[in-house]
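Data first, discussion second: the structure below is written as structure tokens.
Quick note: numbers below take in every heavy atom, side chains included, and nothing from hydrogens, waters or symmetry partners. From a predicted model like this one, the values you see are computed outputs, not experimental measurements.
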Amino acid sequence: MDGANDLPPPPPLARLMDECPLALFLDFDGTLVEIAATPGGIAVPRRLADSLQMLGQRLDGRLALVTGRSLEDLAGHCPVDGLACAGSHGAARRAADGRELGEAARTLPQAAFDALHRGAHELGLALETKTHGAALHFRSAPAKGEQALAFAREVAGDHDLAVKRGKGVVELTQPGADKGGAVREFLRHRPFAGSLPVFIGDDVTDEDGMAACAEAGGFGIIVGDRTPTAARYRLPDVPSVYDWLDL
């Protein structure tokens, strides 16, 4: 893995599209919208949904949003009808026509949710429950990050769950529910099959998606300066992502 600041910018999107069938997998928070203090506090550009639809048309449908948010939460911020999406870090996967792809996503056991509610209250953390997971947010109290991580690992060990750490958040999911799995599932189906896959993301959980793209002959693009990363290229911030995608 390389340091992000040492990475070059990606080649122009138009050039890549001219060279071969290209598929884009886009993270949401920190990539298409600026990260906010709370999940509900994001500011979504008014024309983002329309711009993504047009980008998807340019790519002949080979565009998917791959986010840590649940699909329901994502749709509440950015209408995604007609776009392929994966939510809850890849646990729930949906084709552009609305079909579920792969195995149906499983929610966390109720006992895990109960433990998380109790622990979050005791630690003074914000708990976000999702359709297929849960997240402990400590962005407003960064000093509690290690406590949040230790508590999440305790709950995960008790209930055979996976822990994912991100920017100001620790999440619990079912094992195997990651963004790499979502990318691999999309690549098994038309119109993504046989394309050159590119994943754009900013956080640790996006590394799984980048690795899956690299396995299939593509690459990742890191947003920001987080290190280490498996990305091949770098874009410095959210506005530069918009510029590169021509949104």
Side-chain angles (χ1 to χ4, degrees), residues 25 27-31 35 38-40 64-76 85-94 100-186 188 199 201-213 215 226 228-230:
F25 299 96
D27 173 45
F28 191 67
D29 293 83
T31 298
I35 292 176
T38 63
L65 300 183
V66 185
T67 174
R69 292 178 181 265
S70 69
L71 292 178
E72 296 82 2
D73 183 59
L74 174 65
C85 298
S88 301
H89 294 290
R93 304 149 189 179
R94 191 186 69 194
E100 287 190 7
L101 298 179
E103 296 182 3
R106 294 178 295 148
T107 188
L108 303 190
Q110 186 58 50
F113 281 125
D114 293 342
L116 288 168
H117 277 290
R118 290 193 298 269
H121 178 73
E122 292 172 2
L123 293 172
L125 299 171
L127 176 66
E128 178 190 6
T129 58
K130 304 183 180 184
T131 310
H132 308 296
L136 292 163
H137 293 273
F138 56 88
R139 179 167 294 277
S140 60
K144 295 184 177 181
E146 292 305 317
Q147 286 180 287
L149 180 60
F151 171 60
R153 285 174 172 166
E154 178 183 338
V155 175
D158 290 341
H159 300 281
D160 297 321
L161 302 173
V163 175
K164 302 178 186 299
R165 185 168 187 174
K167 295 178 178 177
V169 65
V170 177
E171 306 209 24
L172 285 90
T173 66
Q174 292 287 356
D178 60 51
K179 295 186 178 185
V183 168
R184 295 183 188 95
E185 185 63 39
F186 282 124
R188 283 193 276 268
F199 196 104
D202 72 305
D203 212 342
V204 176
T205 55
D206 298 314
E207 294 293 328
D208 294 323
M210 295 180 193
C213 286
E215 291 170 8
R226 182 184 55 76
T229 180

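Taken from CG in Leu116 to CD in Glu154, the straight-line distance is 10.5 Å, to the nearest 0.5 Å. Distance CD1/Ile35 to CG/Asp202: 4.5 Å, rounded to 0.5 Å.
Side chain of Asp158 to main chain of Val155: no donor-acceptor pair is present (N/O by atom type, distance under 3.5 Å, no hydrogens or angles). Checked by atom type and distance alone, the side chain of Asp178 pairs as donor or acceptor with a backbone atom of Gly181 at under 3.5 Å.
Take Leu123 and apply the side chain to side chain contact (heavy atoms under 4.5 Å, CB included) test, not counting sequence neighbours, and it matches Leu125, Gln147, Phe151. The side chain to side chain contact (heavy atoms under 4.5 Å, CB included) check on Leu161 picks up Leu108, Pro109, Ala112, Ala156, His159, Leu172, Gln174, with sequence neighbours excluded. Evaluation of the salt bridge (charged side-chain N to carboxylate O under 4.0 Å, His left out) rule for Asp29 yields Arg69 as partners, not counting sequence neighbours. Checked against side chain to side chain contact (heavy atoms under 4.5 Å, CB included), Glu72 has the following partners two or more places apart in sequence or in another chain: Ser70, Thr131. Under the side chain to side chain contact (heavy atoms under 4.5 Å, CB included) criterion, Ala212 pairs with Val183, Arg184, sequence neighbours left out.
The shortest distance between side-chain heavy atoms of Val163 and Glu171 does not fall below 4.5 Å. Looking at Asp73 and Leu71, their side chains never come closer than 4.5 Å, going by heavy atoms from C-beta outward. A 4.5 Å side-chain heavy-atom check between Thr173 and Lys164 finds at least one atom pair inside the cut-off. Thr229 is listed as a side-chain neighbour of Glu207, based on a closest heavy-atom distance under 4.5 Å. Residues Phe113 and Leu127 fail the side-chain proximity criterion, which asks for heavy atoms closer than 4.5 Å.
Other residues, nucleotides and ligands contribute more than 12 heavy atoms inside 6.0 Å of the CZ atom of Arg139.
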Take Phe199 and Asp208 through the test side-chain contact (heavy atoms from CB on, under 4.5 Å) and record every step on the way to the result. CA-CA 10 Å; Phe199 196 104; Asp208 294 323; over 6 Å; no

Using the side-chain contact (heavy atoms from CB on, under 4.5 Å) rule, take Glu128 and His137 through it: C-alpha gap first, then chi angles, then the decisive distance, then the call. CA-CA 8 Å; Glu128 178 190 6; His137 293 273; 2.8 Å; yes

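Residue pairs meeting the side-chain hydrogen bond (donor to acceptor under 3.5 Å, both in side chains) criterion with at least one partner in residues 114-126, sequence neighbours excluded, are Gln110-Asp114.
Nearest approach of Ala148 to Leu136, heavy atoms of both residues: O-CD1, 4.0 Å. Residues Phe186 and Cys85 approach most closely at CZ-O, 3.5 Å, considering heavy atoms. When every heavy atom of Ala86 is checked against every heavy atom of Gly90, the shortest pair comes out as CB-CA, 4.1 Å.
Comment: Lys179 engages Asp27 in a salt bridge, judged by a side-chain N to carboxylate O separation of less than 4.0 angstrom. At a threshold of 4.0 Å, the pair Glu185-Arg94 does not count as salt-bridged, since none of the basic side-chain nitrogens sits closer than that to a carboxylate oxygen.
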